[in-house]
> 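Just passing along the structure, written as structure tokens.
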Amino acid sequence: TQRSWKRPYGVGLLVAGYDKTGPHLFNTCPSGNFFEYKAMAIGARAQAAKTYLEKHYEAFPSVSLDELIRHGLKAVASCLQDAELSASNSSIAFVGK
């Protein structure tokens, strides 16, 4: 539905992209609003990942791609309660040059 009081999307998404100004990460909300972030987590138990990202955010510009991937996996792992992070329950994507 396309009414101002209805939710046009119904889901939240993280959308990553890269252009001439560099990488971008957008969070779309069920309300249709969107916001740009440098690091973000959404979904069930995402607060643990957000806390991890906030604590380590200052180091991100100076670390290698492998370290950034490690930080991302640690953030996701902090959200898991009854499972262990493995190749069967996770995937990694790199957006950039």
> Going by the rule side chain to side chain donor-acceptor pair (under 3.5 Å), which residues pair with D19 if we only count those two or more places apart in sequence or in a different chain?
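Applying side chain to side chain donor-acceptor pair (under 3.5 Å) to D19 gives T21, H24.
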> Which heavy atom of A75 sits nearest to which heavy atom of S78, and what is that distance?
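Shortest heavy-atom contact: O-OG, 2.5 Å.
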> Could you give the distance from NZ (K74) to CG (L53), rounded to the nearest 0.5 Å?
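Separation between the atoms: 12.5 Å.
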> Tell me the closest heavy-atom pair linking A77 and L85, and the distance in Å.
CB-CD2, 4.0 Å
> Can you tell me how far apart CE (M40) and CG (L14) are? Round to the nearest 0.5 Å.
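Those atoms lie 7.0 Å apart.
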> Side-chain polar contacts of residues 88-97 - donor-acceptor pairs under 3.5 angstrom, sequence neighbours left out - could you list them?
from, atom 1, to, atom 2, distance (Å)
S88, OG, S86, OG, 3.0
N89, OD1, S86, N, 2.8
N89, OD1, S86, OG, 3.4
N89, ND2, E84, O, 3.0
S90, OG, S86, O, 2.6

> Just list the side-chain donor-acceptor pairs under 3.5 Å for residues 55-64, sequence neighbours left out, or say none.
from, atom 1, to, atom 2, distance (Å)
H56, ND1, Y52, O, 2.9
S62, OG, A59, O, 3.1
S64, OG, E67, N, 3.3

> Quick check on the hydrophobic clustering: are Y37 and F26 connected, directly or via other members, by side-chain heavy-atom contacts under 4.5 Å?
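Different hydrophobic clusters.
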> side-chain contact (heavy atoms from CB on, under 4.5 Å) with L13: which residues, sequence neighbours excluded?
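side-chain contact (heavy atoms from CB on, under 4.5 Å) list for L13, sorted by chain: V11, V15, T28.
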> Do you know which two heavy atoms are closest between A49 and A41, and how far apart they sit?
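The answer is CB-CB, 3.6 Å.
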